[in-house]
There are 2 protein chains.
Amino acid sequence: MKLKEFAKQLGLSPTTVSRALSGYPEVSEKTRKRVAEEAVRLGYRPNINAVRLVTGRAGAIGVVMGRNEFQFCEFMSGMAERLDSEDIDILVSPVAVQDTKAEIQLYSRLATSGRVDAVIVHSPKPNDERILLLHKLGIPFLVHGRSETNVPHAWLDIDNEGAIRRATSHLLDLGHRRIALINGRDGLTFTLHRDKGYREALEQRGIPFDPRLVAHGQFTDEIGFRFARSLLEQSPRPTAFVAGSMMTALGVYRAVRSLDLVVGRDISVIAHDDVFPYLTADNMAPSLSTSRSSLRAAGARLADLTLQLLAGRPASEIHELWPVELILRESTGPAAEAAQ
Amino acid sequence: MKLKEFAKQLGLSPTTVSRALSGYPEVSEKTRKRVAEEAVRLGYRPNINAVRLVTGRAGAIGVVMGRNEFQFCEFMSGMAERLDSEDIDILVSPVAVQDTKAEIQLYSRLATSGRVDAVIVHSPKPNDERILLLHKLGIPFLVHGRSETNVPHAWLDIDNEGAIRRATSHLLDLGHRRIALINGRDGLTFTLHRDKGYREALEQRGIPFDPRLVAHGQFTDEIGFRFARSLLEQSPRPTAFVAGSMMTALGVYRAVRSLDLVVGRDISVIAHDDVFPYLTADNMAPSLSTSRSSLRAAGARLADLTLQLLAGRPASEIHELWPVELILRESTGPAAEAAQ
DNA sequence: TTGAAAGCGCTACCAC
DNA sequence: GTGGTAGCGCTTTCAA
């Protein structure tokens, strides 16, 4: 059913029907109501591509999906939830991890192709090329995370620095002095923020920073295991770990057990948890103490902010920093040395 | 830059330029090459929405994303990879798990909205409402998995039955007689196929089927733990587990350890592995024997088949059943009773 | 408050 | 092998 035909059946002009459906003020309440009801009854829906052509809007938000990011689904699911009631789709593009050149090209294509009205930038660096590019191209974009580029941009981030500072401080309170940090990929802002939080906590107690206790890499089980295992084989070994993700924590748990040590007694562990339905900190053995923030909620909110940005809210006004909960469970306990 | 303007700069008609860019045969090779080069140089790209309006194609494939599906990202990533070079997007819609009514409505909206050219159906049931609906609405769709509905439809599936039959047989070969199965959500085709493979393996050896050894549910760490733990506390307890996913296997490992038993010695475990970059069977401790099939590859292939379907290949011709590898690692060993 | 009609940018039919 | 041009289905001026 097309507009023309639908309008004819109602005895109205296409103009009026279009206006009624789009909520323009000049249509009488009576007409609007009638049009809305008949549209449902007769199953009329505007052709989305015609609407997009004529309005010049793409009706989609672009997101670029790296390879190894299990977190991504949760984030996107949150976005999709918020956009469900809007006529806005999510357009997904894949990119090989750490192929910066390909990634820049992809963002460039995305921005100039006219397929999206806005783009989401993930895991930014302090001086992120993508942000400069998108700003130059003039396409609206939002950053999930933060960056120090001096072009104005909208962002939403969690307080990574505070989260890791508190996690580390808590371990220090428990008497731990050799605390290892398994952080994210090197050079990313959130990684730097976490490094910073870690060092601040140490500094506050006058504990010297030891770079050998810090590792960077992707959030995989394997990296968690390798680094934890190698550190635990040294002497003196760390008595606590701050892990960057649930997957990393799985690896750390495994490394601890492989040396016949016990998490929560011999070795304390705190991890950052993005809240996954299929793997929960409470269910681990022992249950895992976490700094926790919902990726799904962040996705939903970022979708919301994107709509605001597209509606004209200035990017320079859109900045949200979310606090992170610290939830103590069984994986943290007094330092073994302190107990001896 | 618009077609008209671009054509004028080349001294050609819009028609010829359009044909050259779309690969029509009647354009001379020389002209085609020149147009392609100039398009890159001048940065001309057809307006995607105009193309979609005039061709009547939406330029997108719809996928519905349930909540708890960590596998989904891997699958979609594979799809996105294959579609990268095409002018086809992936449209993501979320739906609450197990809300069948909402799901049917969502598929209905998706199919009638004109936003997608085809729809992917996941985790079908033998008699799946969604398949009947999409067939009735006349929109092209592909099923990831199988169904017994008698409307013709394209599908790609892995050999779940064979995979679990072989996994179970292997455990029987090792002397195990009480083998538990932690399967997927009840009522889904792949769950039924796995149940069937399990029972067939038992039957071949004349081992009676014991329904108490089989559980159904989502692929979460928690369900793996709960069921394994509860069975292991009984007497006689199972000596082996077949787990539906890596997350389930994590729960099983945990349950085994929580009772001071050892995976691979006291209790054998085989799981199905969809191949994730962040959690690998090889890295588990002990390394996990798996039946293995790449979800990413399935996503890429299904995207490919979607393009074929849209190009006119009959749905009734598109059926692919993928074999599943069985990879033995350390988590499987002779039954404890047999060793005694 | 409603309607007529001019495009949005492109493809594809038809003519040459 | 190339070009003119009529729409694709809708929104949005402008006029009534």
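Chain letters run A, B, ... following the sequence lines, proteins first, then strands; residues in each count from 1.
Among the atoms of the strands shown, only primed sugar atoms or phosphate atoms (P, OP1, OP2) are found under 4.0 Å from some heavy atom of A:Tyr24. Using a 4.0 Å heavy-atom criterion, one finds that A:Arg19 contacts the bases of the nucleic acid, with or without backbone contacts as well. Residue A:Ser28 is classed as a sugar-phosphate contact, given heavy-atom separations below 4.0 Å to backbone atoms only.
Nearer to the 5' terminus of DNA chain D, by closest-nucleotide assignment, is the contact made by B:Pro25 (compared with the other of B:Pro25 and A:Leu3). Where A:Thr15 and B:Val51 meet DNA chain C, the nucleotide closest to each residue was compared, and A:Thr15 sits on the side nearer the 5' end.
Note on ring orientation: taking the six-membered ring where Trp is involved, the planes of B:His144 and B:Phe75 are parallel (angle under 30°, cut-offs 30° and 60°).
Taking 4.0 Å as the cut-off between side-chain N and carboxylate O, B:Arg34 and B:Glu37 do not count as a salt-bridged pair. Taking 4.0 Å as the cut-off between side-chain N and carboxylate O, B:Lys2 and B:Glu5 do not count as a salt-bridged pair. Classification of B:Asp304 and B:Arg82 as a salt-bridged pair holds, one side-chain N sitting under 4.0 Å from a carboxylate O. Salt-bridge formation is not detected for the pair A:Glu148/A:Lys125: no Lys NZ or Arg NE/NH1/NH2 atom is positioned less than 4.0 Å from an Asp or Glu carboxylate oxygen.
For B:Arg57 and C:dG9, the CZ to P distance is 20 Å, given to the nearest whole Å. In this entry the distance linking CZ of B:Arg45 with C1' of C:dC10 reads 15 Å, nearest Å. Rounding to whole angstrom units, CZ of residue A:Arg52 and C1' of C:dC10 are separated by 17 Å.
Defined by atom type and a distance below 3.5 Å, a donor-acceptor pair is missing between the side-chain atoms of A:Thr15 and A:Ser18. If you check the side chains of B:Thr31 and B:Ser28, you find a donor sitting under 3.5 Å from an acceptor. Between the side chains of A:Thr189 and A:Arg146, no donor-acceptor pair is found at a separation under 3.5 Å.
Between C:dC10 and B:Tyr44, a contact under 4.0 Å exists linking OP1 or OP2 to a side-chain N or O. When the side-chain nitrogen and oxygen atoms of A:Thr16 are compared with OP1 and OP2 of C:dT2, none of them lie within a distance under 4.0 Å.
Over its length, the helix from C:dT1-D:dA16 to C:dC16-D:dG1 turns its helix axis by 30°, as judged from the five terminal pairs at each end, rounded to 10°.
For C:dA12, the base has no donor-acceptor partner in the side chain of B:Ser18 [N/O atoms by modelled type, under 3.5 angstrom].
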With 3.5 Å as the limit, what N/O pairs link the protein to nucleotides 6-8 of chain C?
none

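In this structure, A:His135 has its ring center at least 6.0 angstrom away from the ring center of A:Phe141.
On the nucleic acid side, DNA chain D contacts chain A at distances under 4.0 Å to non-hydrogen atoms, with the end points of that region at D:dG9 to D:dT13.
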Can A:Tyr44 and A:Leu3 be said to form a side-chain contact (heavy atoms from CB on, under 4.5 Å), step by step? CA-CA 8 Å; A:Tyr44 168 73; A:Leu3 175 58; 3.5 Å; yes
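Rounding to the nearest 0.5 Å places CG of A:Asp89 at 8.5 Å from CG of B:Asp89.
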